[in-house]
2 protein chains.
Amino acid sequence: MADLAQNFCERRRNAESKVRTAKLRPTRQRIALADILFRKGDRHVGAEELYAEAVSAGVNLSLATVYNTLHQFTTAGLLRAIAVEGSKTYFDTNISDHHHFFVEGPNTVMDITGGPIGVTNLPEAPEGMEIVNVDVVIRLRPKRS
Amino acid sequence: MADLAQNFCERRRNAESKVRTAKLRPTRQRIALADILFRKGDRHVGAEELYAEAVSAGVNLSLATVYNTLHQFTTAGLLRAIAVEGSKTYFDTNISDHHHFFVEGPNTVMDITGGPIGVTNLPEAPEGMEIVNVDVVIRLRPKRS
DNA sequence: CTGTGTGCAAACTCTTTGCATAAGT
DNA sequence: ACTTATGCAAAGAGTTTGCACACAG
C-alpha cells in the first residue's frame with residue numbers, strides 16, 4: 001500500500017515537473033493530463049479519447065480544457081501534432097524524430113519501429129521559408145484476400 | 001473565335017472522357033468539375049475552393065455534389081487526397097508519385113519539385129496489412145528574422 | 001421510362017470562443 | 001488579492017446524409 005501511494009506521488013511529481021517545464025501553472029487538470037499522457041510510453045491520442053480517459057480516471061475537467069492543454073503542451077514542445085489526412089488531430093507523446101503508420105478503417109496511428117527511415121534528396125525550403133519538420137506517413141489498409 | 005469554340009469543345013470532350021474513365025455518368029456537373037480540375041496542370045484544391053470556382057464559372061451545382069464528385073474521382077484514381085494535418089481535405093490532380101510542402105499560415109499545399117525524394121529503410125507493412133501509399137509532407141513556415 | 005445523380009437543408013463531428021466562476025501563487 | 005485557468009454552452013468550420021426532384025441512357 002505504501003508503495004502504491006509512493007508511486008502515485010512520484011508520478012504526480014513527474015507530471016507536475018512536465019507542466020512546469022512548459023511554463024504553465026500546475027493546475028489539477030494539467031497535472032492529471034500530463035500524468036495520463038506521459039505515464040505510459042509513446043501514445044497517440046485524440047482530444048476526445050484523452051478526455052474520456054481523464055473522466056474515467058475520476059478527474060473533473062471539461063473537453064475545452066483538454067483542447068487547451070493539448071495545444072499548450074504542443075506549443076511547449078511536450079507533444080507533437082501528427083499530420084494525417086482526416087478530420088481529427090492526433091497528438092504524439094514521442095517528440096523524437098520518427099514517423100507513422102496510419103491504418104485506414106480504424107483510423108489509428110502507430111509509430112514506425114525497427115530502424116529509422118531516411119529521406120534522401122530532401123529539397124531546399126523555398127525562398128523565405130524554413131522547414132519546420134518532415135513527416136512521413138505510410139498509409140495502410142487491411143490486406144484483402 | 002472558331003478556335004475558342006474548338007478549344008472549349010475539346011476541353012469538354014477531354015473532361016467527359018475522364019468522367020467515363022471513372023465509370024461515372026457524364027453529367028453536366030461532373031464534366032464541369034473534371035474540366036476545371038484537369039484543364040490546368042497540377043492543382044491542390046479543397047472542396048470549397050472548387051465549388052467557388054465552379055460557381056464563378058457559371059456552373060450550377062451544389063457543394064454536396066462537389067464533395068460527392070471529389071470522392072468519386074478519388075475512388076476512381078483520378079485524384080488523390082493529401083494527408084496534411086488540419087481540418088481540411090486537399091485533393092491533388094497529380095496522381096504520380098510525388099510529395100508536398102505544407103505552408104503554415106496560409107495553409108497551402110505545394111508540390112515538391114526538383115528531383116524525386118527518396119525514402120530509405122522503408123519498413124514492412126505489419127502482418128495482415130498492405131501499404132496504400134507513402135506520403136512525405138515537409139512543413140514550412142515563413143522564416144522569422 | 002428507369003435508375004442514378006443532384007440540390008437543398010439539416011445533421012454531425014471536431015474544434016474554438018466568450019464570459020462568468022474557480023483556483024493557483 | 002491578483003492573475004490566470006477552467007467550465008459551460010454556444011458558435012464555427014468542414015463534411016455528410018436523406019429525400020424529393022431532375023436528368024442521362
Side-chain angles (χ1 to χ4, degrees), chain A residues 12-13 15-34 44-55 58-76 78-79 81-91 106-109, chain B residues 12-13 15-34 36 44-55 58-76 79 81-91 106-109:
Chain A
R12 190 175 202 79
R13 224 176 302 123
E16 188 172 331
S17 74
K18 279 273 187 189
V19 175
R20 287 194 192 282
T21 301
K23 288 175 185 153
L24 295 167
R25 266 199 203 168
T27 62
R28 241 179 300 110
Q29 293 86 341
R30 296 210 263 231
I31 293 173
L33 291 176
H44 309 96
V45 290
E48 297 273 6
E49 290 116 82
L50 182 56
Y51 174 62
E53 219 175 316
V55 167
V59 185
N60 206 322
L61 45 43
S62 74
L63 182 56
T65 298
V66 174
Y67 276 105
N68 287 338
T69 303
L70 283 171
H71 286 140
Q72 292 154 354
F73 284 6
T74 301
T75 303
L78 261 42
L79 294 175
I82 304 175
V84 291
E85 176 217 327
S87 49
K88 205 168 146 181
T89 304
Y90 290 87
F91 295 87
N107 281 24
T108 53
V109 176
Chain B
R12 188 174 205 78
R13 226 177 302 123
E16 189 172 331
S17 74
K18 281 273 188 188
V19 175
R20 288 195 191 281
T21 301
K23 289 174 186 154
L24 295 167
R25 267 199 203 165
T27 61
R28 243 180 299 109
Q29 293 84 343
R30 297 211 263 231
I31 293 173
L33 291 176
I36 292 173
H44 308 95
V45 289
E48 297 273 5
E49 290 116 82
L50 182 57
Y51 174 63
E53 218 174 317
V55 168
V59 185
N60 206 322
L61 45 44
S62 74
L63 182 55
T65 298
V66 173
Y67 276 105
N68 287 338
T69 303
L70 283 171
H71 286 140
Q72 292 154 354
F73 284 6
T74 301
T75 302
L79 293 175
I82 305 174
V84 292
E85 178 217 325
S87 48
K88 205 167 146 182
T89 304
Y90 290 88
F91 295 87
N107 281 23
T108 54
V109 176

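Numbers restart at 1 for each chain; the letters A, B, ... are given by sequence-line order, proteins then strands.
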Would you name the heavy atoms of [X] and [Y] that are closest together and state the gap between them?
| X | Y | answer |
| --- | --- | --- |
| A/V19 | A/R30 | CG2-O, 3.8 Å |
| B/T74 | B/A81 | CG2-N, 4.2 Å |
| B/Q29 | B/T65 | CB-CG2, 4.0 Å |

Side chains of B/I82 and B/H44: does their closest heavy-atom pair fall under 4.5 Å?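 The answer is yes, as the side chains (C-beta and beyond) meet within the 4.5 Å cut-off.
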
So do the side chains of B/L61 and B/L33 get within less than 4.5 Å of each other, counting heavy atoms only?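 B/L61 reaches B/L33 side chain to side chain.
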
Hey, does the side chain of B/R12 reach the backbone of B/I31 with a donor-acceptor pair shorter than 3.5 angstrom?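 Not confirmed, B/R12 side chain does not pair with B/I31 backbone.
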
For the OG1 atom of A/T89 and the OH atom of A/Y67, what is their distance to the nearest 0.5 Å?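 If we round to the nearest 0.5 Å, A/T89:OG1 and A/Y67:OH are 7.5 Å apart.
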
Can you tell me how far the NZ atom of A/K18 sits from the CG atom of A/L79, to the nearest 0.5 Å?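 Reported value, rounded in 0.5 Å steps: 8.5 Å.
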
Check this for me, if you would: do B/R20 and B/E16 make a salt bridge, where the nitrogen-to-carboxylate-oxygen distance has to be below 4.0 angstrom?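 Looking at B/R20 and B/E16, the cut-off is met.
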
For A/F91, all residues meeting ring pair (Phe, Tyr, Trp, His ring centres under 6.0 Å), sequence neighbours excluded: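 A/F91 satisfies ring pair (Phe, Tyr, Trp, His ring centres under 6.0 Å) with A/H71 only.
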
Can you sort out which residues in residues 58-65 of chain A have a heavy atom within less than 4.0 Å of DNA chain C? Ascending by number, please.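 When residues 58-65 of chain A is checked for heavy atoms under 4.0 Å from DNA chain C, the hits, listed by number, are A/L63, A/A64.
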
Closest-nucleotide mapping onto DNA chain C: is A/H71 or B/L24 further toward the 5' terminus? I mean the 5' end.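 Nearer the 5' end of the strand: B/L24.
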
Select from A/F91 and B/R30 the residue whose nearest nucleotide in DNA chain C is closer to the 5' end of that strand.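 The residue closer to the strand's 5' end, by nearest nucleotide, is B/R30.
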
Nucleotide range of DNA chain D contacted by chain B, 5' to 3', under 4.0 Å to a heavy atom?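 Answer, 5' to 3': D/dG14 to D/dG25.
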
Can you work out whether B/P26 or B/Y67 has the more 5'-proximal nearest nucleotide on DNA chain D?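 Comparing both residues, the 5'-ward one is B/Y67.
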
Between B/R28 and A/Y51, which residue's closest nucleotide on DNA chain D lies nearer the 5′ terminus?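 Looking at DNA chain D, the more 5' nearest nucleotide goes with A/Y51.
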
Side chain to side chain contact (heavy atoms under 4.5 Å, CB included), that's the test. Do B/T108 and B/Y90 meet it? Break it down for me. CA-CA 9 Å; B/T108 54; B/Y90 290 88; 5.8 Å; no

Between the axis at one end of the helix from C/dC1-D/dG25 to C/dT25-D/dA1 and the axis at the other (five pairs apiece), what's the angle to 10 degrees?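 Overall, the helix from C/dC1-D/dG25 to C/dT25-D/dA1 bends by 30° from one end axis to the other.
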
Taking 5' to 3' order, which nucleotide of DNA chain C is first and which is last to have an atom within less than 4.0 Å of a heavy atom in chain A?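 Answer, 5' to 3': C/dC14 to C/dT25.
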
With sequence neighbours left out, which residue pairs that include part of residues 81-90 of chain A fulfil the salt bridge (Lys or Arg N to Asp or Glu O under 4.0 Å) condition?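 Sorted result for residues 81-90 of chain A: A/E49-A/K88, A/E85-A/R139.
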
